[in-house]
Amino acid sequence: MDKSTYYITTPIFYPNDRLHIGHAYSATVTDTLARYKRLRGFDVRFLTGTDENAQKVQRKAQEAGKETLQFVDEIVASIQSLWRRLGISYDDYIRTTEPRHQEIVQKIFTKLQDQGDIYLGEYEGWYCTPDESYWTERQLVDGKCPDCGREVERVREKSYFFRMSRYADRLIAHYQEHPEFIVPESRKNEMLQNFLLPGLEDLCVSRAAAGWGIEVPGDPQRVIYVWLDALTNYITALGYLSGDSAREALMARYWPADVHMMAKEIVRFHAIYWPIILMALDLPLPKQVVGHGWLLMKDGKMSKSKGNVVDPNLLIDRYSADALRYFLLRDIAFGQDGVFTLESMMERLNYDLANDLGNLLHRTLSMVERFCGGQVPAPGPHTDVEERFSTLIVDAVTQVELALDRYDFSGALAAIWTIVRRGNQYIDEMAPWALNKAGQTERLGAVLYNTLDVMRIVGILLEPFMPHTPARIFAQLGLDVSVADRRSAELSWAAAREMGRLPSGQATQKVEPLFMRLDVEKEIAELEALLAGEVGKGEVGKGEAKSAPPAKSLEVAAAESPKAEPEGVTTLIGIEDFAKVELRVARVIEAQKIEKADKLLKLQLDLGYERRQVVSGIAKFYTPEELAGQLVILVANLKPVKLRGEASHGMILAASVGDQLRLATVAGDIELGAVVK
RNA sequence: GGCGGAGUAGCUCAGCUGGUUAGAGCAUACGGUUCAUACCCGUAGGGUCGGGGGUUCGAGUCCCUCCUCCGCUACCA
C-alpha cells in the first residue's frame with residue numbers, strides 16, 4: 001500500500017549573510033509540518049536550500065577577498081550547521097550552483113524559448129556600473145544605487161523576457177477554482193487587484209553576464225536572472241528533465257508540492273510567476289502557497305543597518321533549540337507579524353517550559369522515586385476523574401490536529417498545554433502525598449501512573465514541535481526510545497488519544513530538569529550585552545535593507561544611528577560635470593494637487609523669460625497655498641517626462657533626510673531666471 | 001490613490017460558518033498545598049469588543065461610514 005506523499009519546501013535563502021531569527025522561524029514552521037506529517041504516516045519530502053547565483057553574492061565575496069564559490073561554501077556550511085542545530089529535518093538541500101540545478105534551468109530556458117514563451121526584447125532600466133547591478137526605478141534610493149549610493153545610468157539593452165501576460169487568464173481561473181491556493185486568503189486579493197487584473201508585465205529573465213550565474217544557452221553574453229533560476233529549484237531538486245530515471249521518479253512521486261512555505265514578501269513571486277512558469281512547462285501547480293508574517297523587533301523590522309538582528313545560534317547555545325522553537329511557534333500568531341522581545345521569550349521559557357511542563361514531570365518522578373521505589377507503578381482502575389481527564393486529552397489531540405491543518409502552531413501548543421495544566425491540577429486534587437500517608441498504596445500508584453502516562457502523551461504531541469525534548473521525556477519514563485518500530489506501539493500518534501498505554505514496572509530515570517528556570521533580569525542583561533557584541537562584529541554597510549520601513553519616528557531613527565556620516569557620499573566630479581546642470585531661480589505662481597497621487601503637486605513656475613509646469617513629489621510636506629509665491633531653484637535642462645499624466649519640465653530642489661523635507665531657495669530677492677551655480 | 005490587514009481586560013493575544021452571564025496567559029489582590037525547578041492549584045477585581053449608523057428575535061462576529069496604526073502597490077525628474 002502506497003503512503004500518501006507530502007512535499008513541502010522552504011524558500012531558498014540568500015547566502016550573502018548569516019541568517020537571522022526570522023529565517024529560523026520560516027525553517028521551524030516548515031519543519032514542524034514535515035515532522036507532523038511523518039508522524040501521521042505520510043511519505044514526506046522536505047526541501048530547503050540556497051539561492052546562490054546573484055551577482056550580489058559575487059560582490060560580497062570580492063569584498064571579503066574570497067573566491068565566490070569558496071565564500072558561498074562557507075556561508076552554506078554555516079546555514080546547514082544552523083539547521084542541524086535547530087533540528088530542521090530536511091530531506092534534500094539544493095544549491096543553485098549545483099550542476100543538477102544549473103543544467104536543468106538551462107534546459108527549461110531553452111524549452112520555454114522554443115515554445116515562444118521567452119523572447120529577446122529590450123530592457124530599459126538603471127545600471128550601477130561599479131556594482132554591475134541593475135535596478136528598477138523604484139529600487140533606487142534618491143535616484144542612486146540602493147547598494148552603494150553611487151550614480152546609476154540609464155541603460156537600454158537586449159534582454160530576454162517571459163511572456164507572463166499569456167497565462168494571466170488561466171491563473172485567475174486557477175485562483176477561482178482553488179480558493180485554498182494562497183494562504184492567508186487576504187493575499188489573493190492583493191495579487192489579483194495589484195497585479196493580475198491591471199495586466200501582468202512580461203518578466204525580464206536575463207542579465208548581462210559577469211562571470212557568475214547560469215549562462216543563457218547559446219548566449220554567453222547573458223545569464224539567467226533571478227526568478228526563473230530560483231523558483232525552479234522546487235522541481236530541479238526532484239530531478240525534473242534530468243534524464244536520470246531514478247531521479248525523475250522523485251518528480252513523478254512528489255510533484256505537485258503540497259506546500260510552499262515562505263515569508264509574506266515573496267508570496268507574490270510564488271503565487272504569480274511560479275504558477276505561470278509551471279503552466280508553460282505543462283506541469284501541475286503546487287497545492288498551496290503559504291505566507292507567514294514577519295518577526296519584528298520592538299523597533300520595527302529586523303535589519304542590519306538598525307543593528308537589531310538576532311542570531312539564532314546565540315539563543316540555541318543558551319537555551320536549546322527546543323526552547324527557541326517552542327517560543328517561536330507558541331508566541332507568534334501564524335500569518336501575522338510577531339514582535340520578538342527577550343522578555344516575552346524568557347517568560348515563555350519560564351512559565352510554560354520550566355514551571356508547567358518541566359516541573360510537572362520532575363515532581364511526578366520525584367514522587368515515584370520516593371513512594372514507588374523508582375518504578376512505574378501499576379495503572380489501577382479509572383474513576384470519574386480519570387474519565388474526564390481522558391476526554392480532555394482526546395479533545396486536545398483533536399484540537400492539535402485541527403490547528404496544525406490550518407497552520408495554527410500557537411493554537412496547537414496551547415491545546416497541548418491544557419493537558420499539562422490538567423496534569424498539575426490532577427496532582428493537586430489527588431494529593432499523592434496524602435494517599436501515601438493514609439497508606440492507600442494502590443490508589444497512590446494509580447495516580448502516579450496516570451500522571452506519567454500523561455507525560456507520555458504530551459511527549460508524543462510535542463514531537464513535531466520539539467525534536468529533542470520528547471525523547472528525554474520518554475527516557476525518564478523508562479521507555480526504550482531506540483526501538484525502531486515504536487510508532488506502532490505506545491508512542492505512535494494514535495496512542496496519544498489513549499490513556500493507559502504506558503508500560504509499567506520499568507525503572508524511571510530522574511535526570512536533569514527538562515528546562516531550567518531563568519533569572520529573567522539577569523538573562524536579559526547578559527543577552528543584551530551579547531547581542532550588542534554581535535552587532536559590533538557585524539560588517540559595516542547598509543546590508544540588505546531592501547524594504548526597510550520608513551523610519552517610524554525620527555527619535556527612534558536618531559537613537560539608532562549614532563553614525564554622523566551623511567548618506568550617499570559619492571565619488572568626486574569635475575566642474576565640467578556640474579556645469580552640465582542648469583539651475584535657475586523661479587517663482588511658484590500656483591500649485592495644485594494631482595488627483596489620485598498623494599505625493600505629487602503640479603507647480604506653475606515663472607522663470608522670468610518663460611513659464612513652465614513642473615511636477616514635484618512634495619505634497620506630503622507643503623500645501624499648494626504655502627507654495628504660491630515661493631522662490632525655488634529649478635533644474636531647468638532636465639528631460640521632460642509625464643507623471644500621472646501631467647507633463648513635468650524640470651525638477652525643483654529640496655533637502656531631505658528621513659521623512660523631513662525642505663525646499664531649497666535663494667537667500668534674498670533676485671531676478672527670476674537667474675542662474676544658480 | 002488602489003488593495004489588504006490590525007484596532008477585544010494594565011500587557012500579549014484567542015474568539016471558526018452571528019446565539020445563553022465576551023475567553024486565555026501574564027500582571028494585581030487574596031486564599032490553598034508542600035510532591036516539585038520559591039514551583040503548583042483555587043478565587044476575585046478589571047473590557048460601553050476604535051467611533052457612529054444599519055440588518056436581525058439576537059452581532060465582537062454580517063453591511064455602510066468615519067478615525068488610528070501597519071503592509072503591498074502606483075506616483076516622489
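Naming: A, B, ... by sequence-line order, numbering from 1 per chain. As the structure is a prediction and not an experimental result, all values here were calculated from the model. Side chains are part of it too, since the values below use all heavy atoms of this structure and drop only hydrogens, waters and symmetry mates.
Rounded to whole Å, atom C1' of B:rC16 lies 14 Å from atom CG of A:D405. Atoms CD (A:E180) and P (B:rC16) sit 21 Å apart, rounded to a whole Å. Nucleotide B:rC13 holds its C1' atom 12 Å from the CG atom of A:D408, rounded to whole Å. Rounded to an integer number of Å, the gap from CG of A:N359 to P of B:rC41 is 9 Å. One atom, CD of A:E265, and another, C1' of B:rC72, lie 11 Å apart when rounded to the nearest Å. The nearest whole Å value for the distance from the CE atom in A:M367 to the P atom in B:rU37 is 11 Å. If you measure from atom CG of A:L357 to atom P of B:rG25, you get 17 Å, rounded to the nearest angstrom. Atoms CD (A:E343) and P (B:rG10) sit 21 Å apart, rounded to a whole Å.
Residue contacts for A:Y351: at a heavy-atom cut-off of 4.0 Å it reaches the sugar-phosphate backbone alone, with no base atom in range. At the heavy-atom level, A:V635 lies nowhere under 4.0 Å from the strands shown. Contact annotation for A:L402: no contact, since no heavy-atom pair falls under 4.0 Å across all strands. Among the atoms of the strands shown, none is found under 4.0 Å from any heavy atom of A:S344. A:D356 comes within 4.0 angstrom of sugar-phosphate atoms only, judged by non-hydrogen atoms across all strands, and of no base. Across all strands shown, A:R406 has no heavy atoms under 4.0 Å from either base or sugar-phosphate atoms.
Taking 4.0 angstrom as the limit, A:R348 places none of its side-chain polar atoms (N or O) nearer than this to OP1 or OP2 of B:rU12. Put simply, A:Q425 has no side-chain N or O that comes within less than 4.0 Å of OP1 or OP2 on B:rC40. For B:rC39, the OP1/OP2 oxygens have no side-chain nitrogen or oxygen of A:N424 closer than 4.0 Å.
Looking only at side-chain heavy atoms (C-beta outward), A:F409 and A:L33 come within less than 4.5 Å of each other.
If you look at A:Y326 and A:W417, their ring centroids are closer than 6.0 Å.
Relative to the side chain of A:R268, the nucleotides B:rC39, B:rC35, B:rU73 differ in distance, and B:rU73 lies closest.
With RNA chain B read from its 5' end, the first of the two nearest nucleotides for A:R363 and A:S616 is the one closest to A:R363.
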